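Heads up, the thing below is written out as structure tokens.
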Amino acid sequence: MANPVIRDDLSEPIQYDPGAIERKWQRIWQERGTNNTDLQRAQRPFYTLMMFPYPSAEGLHVGNLFAFTGNDIYGRFQRLMGHNVFEPLGYDAFGIHSENYALKVGQHPMDLIPRNISNFRRQLERSGLMVDWRHTLSTTEPNYYKWTQWLFLQLLKQGLAYKKQAAVNWCPDCKTVLANEQVVAGLCERSKTPVEQRLLEQWFFRISDYAPRLLENLDRIDWSETTKTAQRNWIGRSEGADISFKADSVTGGRCEIRVFTTRPDTIYGATYLVLAPEHPLVDGLTKVTERKKVDAYREKTKKQDIITRKTGTDKTGAFTGSYAVNPATRKQIPIWVSDYVLMEYGTGAIMGVPGHDARDFEFATRFDLPIVRVVCGEREDANTPLTSAFTECESGTLVNSGEFDGYSVDAGKRAIVEVLSKSGSATQVVHFRLHDWCISRQRYWGPPIPIIYCESCGTVPVPEGDLPVVLPFIEDFKPDDSGISPLARHEEWYRVACPKCGKTGRRETDVSDTFLDSAWYFLRYPSVGNDDVPFERDITKKWLPVNSYIGGNEHAVLHLLYARFITMVLHDAGMLEFEEPFTRFRAHGHIIREGAKMSKTQGNIVNPDEYIEHWGADAFRTYLMFLGPYEQGGDFRDASISGTRRFLDRLFASAQGMSTTGMPDQSVMRKLHQTIRKVSEDIPRLSYNTAVAAMMEYMNVLRKGERTPHRDEVVPLIPLVSPFAPHIAEELWEQAGGTGSVFDSAWPQFDAALAAEDSIELVVQVNGRVRSRITVSRDINEEAAIAAALADPVVAKFVIGAPKKIVFVPGRLLNIVA
RNA sequence: GCUCGGGUGGCGAAAUCGGUAGACGCGAGGGACUUAAAAUCCCUUGGGACAUACUCCCAUGCGGGUUCGAUCCCCGCCCCGAGCACCA
């Protein structure tokens with residue numbers, strides 16, 4: 001054990017040299033394996049996870065570092081609290097982003113990505129994260145995506161993967177399929193060309209089967225409320241009824257049109273029906289006289305791209321010439337076709353209730369269809385004309401609704417469905433807006449979907465023993481006008497023997513969505529190194545679910561939902577004991593710079609290397625955590641970093657000249673324990689900015705006046721700052737004679753008795769306005785407080801006559817109402 | 001349009017349960033040290049009134065309300081950010 005450093009000559013202060021200290025400790029951590037976790041022998045496992053980055057060519061973004069540092073602090077804190085913390089980090093390196101960049105710079109992603117990863121690794125190590133690098137991974141490694149392909153086969157086995165025709169976004173200029181995220185206002189993000197729609201055969205996962213569970217479980221997990229809300233909205237549960245309308249088909253015979261509505265109470269106001277243009281019943285319902293118009297309309301809407309259709313507001317449509325019977329009114333109502341009804345949602349057909357739905361009102365006005373009031377509020381009656389749709393239902397009462405007149409909206413819903421269900425024309429149902437997950441990508445840079453098509457055997461899964469289906473190195477990976485994957489140009493790759501019959505088959509040439517790579521990576525980390533299984537049973541049981549997950553809220557409805565879905569599927573297959581992967585999730589905020597968004601084009605991106613070089617990683621980390629509330633983000637201002645650096649300078653200086661004799665100052669010790677309490681409370685709730693502020697405050701107290709701080713006043717501060725500034729903490733810990741790593745020491749114990757103040761400042765208000773502050777004993781009672789307050793001349797001045805009322809908040813405030 | 005955040009000094013921000021508005025930091029001003037500068041250290045710093053002090057008034061996007069007391073709760077608006085968007 002080293003002796004505490006005691007120096008006589010303080011005139012030449014030892015300079016704090018972050019560069020040297022950080023290099024030294026990063027080397028020692030590496031040599032001693034300080035950041036490695038013994039996963040097998042850990043007694044109190046704590047898995048802390050951050051969303052893994054996409055390793056871009058530009059290098060680590062300061063936003064990544066902001067996120068990672070917040071996670072690292074939490075992990076280091078848990079370690080000091082006695083947990084065995086596992087903090088892995090890997091790379092999400094497949095995907096269109098990497099591919100487009102590779103195309104732009106004319107290099108191959110297989111060359112580019114390893115270079116980017118090693119640059120990222122260098123930057124991440126430099127920033128002092130407590131990452132166990134023995135467990136890193138990249139989604140692009142065959143020994144990782146082997147298991148991504150395996151996962152696909154498991155879903156296929158469970159009947160949760162299927163193939164169907166679906167529309168994709170197509171950019172005619174880039175000659176490529178685009179992800180939805182790359183279509184901005186109907187235009188290709190890169191070339192600004194209008195995006196077209198193409199119909200292609202695609203693989204889907206039945207995530208919509210899991211909608212009820214994905215929704216219900218949200219009540220049981222400790223996640224940021226904003227994230228849960230986003231998922232709830234995305235899953236979009238709607239309670240209502242499917243109602244059947246009968247109509248005569250043009251080919252003779254009756255047919256039944258099922259519509260979905262959340263407002264069965266308004267059925268007496270349903271004056272027409274609308275089918276989506278793709279609805280299978282449209283053909284059979286279109287009269288000869290109308291066929292031309294209807295066909296033309298369907299053709300027109302088919303050509304329209306997804307975006308125009310979604311954002312267009314002017315209602316269009318065509319009349320089929322047929323009529324259906326409203327089961328409530330028994331009246332004949334016309335059947336229309338319009339693209340404001342979506343085939344993908346509900347039953348692809350609706351009943352038009354123009355009086356009580358804004359869109360139906362617009363449609364009925366446009367095509368002169370009857371508008372009937374069937375609900376009125378407190379100020380209307382059955383005959384009050386409608387100038388817009390009346391959608392208020394809280395206070396609504398049914399009118400013009402036959403036997404249901406006078407019912408409230410809620411009672412009407414129940415009663416009408418009940419009556420109609422007796423004749424079999426209504427069923428209570430729940431619909432979700434969550435669609436199945438399309439995982440096919442007609443691109444190169446992803447894991448090939450492990451399927452072989454055979455003329456005699458059909459769709460054949462690649463046997464698990466043959467995995468991985470290795471992504472071949474090809475030069476011409478640029479997508480072309482054909483709308484098929486670049487891999488489809490390589491017969492030598494896709495032409496293979498059918499695993500079942502041995503005849504010539506053809507590989508699936510699409511690759512899977514990047515989001516599938518990231519939907520299970522947290523299961524892999526603990527088992528990295530074992531290539532025989534995707535995740536080891538025992539180690540998974542010990543380490544999962546993830547204790548703490550931190551990431552950006554932009555993934556609230558994509559990655560976070562997919563990861564939950566995949567976990568549930570594996571749970572149902574008996575491979576996992578839990579069905580929710582992340583016990584606690586917190587969304588971090590985003591940082592901007594000098595009030596503006598950071599962007600490449602604006603040239604205002606913070607390069608972490610330069611800042612770390614200049615200020616040191618510790619000061620940079622501490623500043624990132626100090627600049628704003630972690631869960632809300634903040635404004636990165638270059639001029640402000642000096643403040644956190646100064647704090648570390650002072651900390652370093654204070655630790656150089658500590659006195660080891662005599663007793664510590666009592667009021668300093670009181671402040672110290674108040675600081676311990678504050679920091680211990682702030683870190684778990686990710687209130688890092690206030691934790692740093694509290695330590696700065698303590699530093700100000702410690703340095704007040706011309707005194708040499710006592711060892712006992714300084715040493716407990718070292719573990720306290722260590723999560724934020726790990727290198728300087730290790731250095732000071734060593735200097736102070738600590739054994740081993742500071743991270744294997746203990747978090748300082750808060751002593752309530754030491755922190756307690758004897759006297760307090762009691763705020764005295766008169767009529768709710770602060771008039772004075774008096775110093776009194778901590779446990780002063782009401783009478784004594786009143787007496788002391790009235791003795792104050794300023795208070796006395798405002799209290800005229802006997803007080804009407806006294807409000808006394810012990811230890812805080814006294815309010816005299818005069 | 002809907003949903004979720006947010007709006008507080010010159011700036012980044014605090015205020016954990018309805019109880020001292022502006023902690024902490026930056027910047028700015030003044031001072032000490034220095035031949036000088038940097039660094040460091042000390043003091044001041046929301047706005048206004050008063051010669052000064054004591055003190056008082058105003059102030060948390062805007063307008064109301066509840067309360068002894070509102071940055072915080074309620075009602076009605078405005079603005080900024082993010083996400084979703086014809087979801088019946």
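None of these values were measured; they are calculated from a predicted model. Just so we're on the same page: letters track the sequence lines, and every chain starts at 1.
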To the nearest angstrom, how far is [X] atom [atom1] from [N] atom [atom2]?
X	N	atom1	atom2	value
A/Ile350	B/A88	CD1	P	11 Å
A/Ile592	B/C11	CD1	P	14 Å
A/Phe647	B/C41	CZ	P	13 Å
A/Arg646	B/A39	CZ	P	8 Å
A/Met699	B/A23	CE	P	19 Å
A/Asn700	B/C42	CG	P	8 Å
A/His435	B/A85	NE2	P	9 Å
A/His588	B/G81	NE2	P	21 Å

Problem - A/Tyr272/A/Phe363 aromatic ring centres below 6.0 Å - result: yes
Problem - Ring-ring centroid check A/Phe724 A/Phe647, cutoff 6.0 Å - result: no
Exercise for the section: In plain terms, say whether A/Lys228 and A/Asp219 are close enough for a salt bridge, that is, a side-chain N and a carboxylate O under 4.0 Å apart. Expected result: no
Completion exercise
From the candidates B/A85, B/C4, B/C26, the one with an atom nearest any side-chain atom of A/Ala639 is B/C26
Practice task
With the side chain of A/Thr226 defined as its heavy atoms from C-beta on, choose the nearest nucleotide among B/G5, B/A14, B/G19.
Solution key: B/G5
Exercise for the section: Look at the side chain of A/Lys804 against the base of B/C68 and say whether a donor-acceptor pair falls under 3.5 Å; ignore hydrogens and angles. Expected result: no
Handout entry: Any N/O donor-acceptor pair, A/Glu554 side-chain to B/G83 base, under 3.5 Å
Key = no
Roughly how far apart, to the nearest Å, are [N] and [M] at atom [atom1]?
N	M	atom1	result
B/G69	B/G18	C1'	8 Å
B/A23	B/U16	C1'	14 Å
B/A82	B/C77	P	24 Å
B/C58	B/G22	C1'	15 Å
B/C75	B/C26	C1'	39 Å

Handout entry: Touch class at under 4.0 angstrom, heavy-atom based, for A/Arg812 against every strand present
Key = sugar-phosphate
Practice task
Classify the nucleic acid contact of A/Arg637 as base, sugar-phosphate or nothing, counting any heavy atom under 4.0 Å across all strands shown.
Solution key: sugar-phosphate
Practice task
Kindly give the heavy-atom pair with the smallest separation between A/Ala276 and A/Val282, and that separation in Å.
Solution key: O-CG2, 3.7 Å
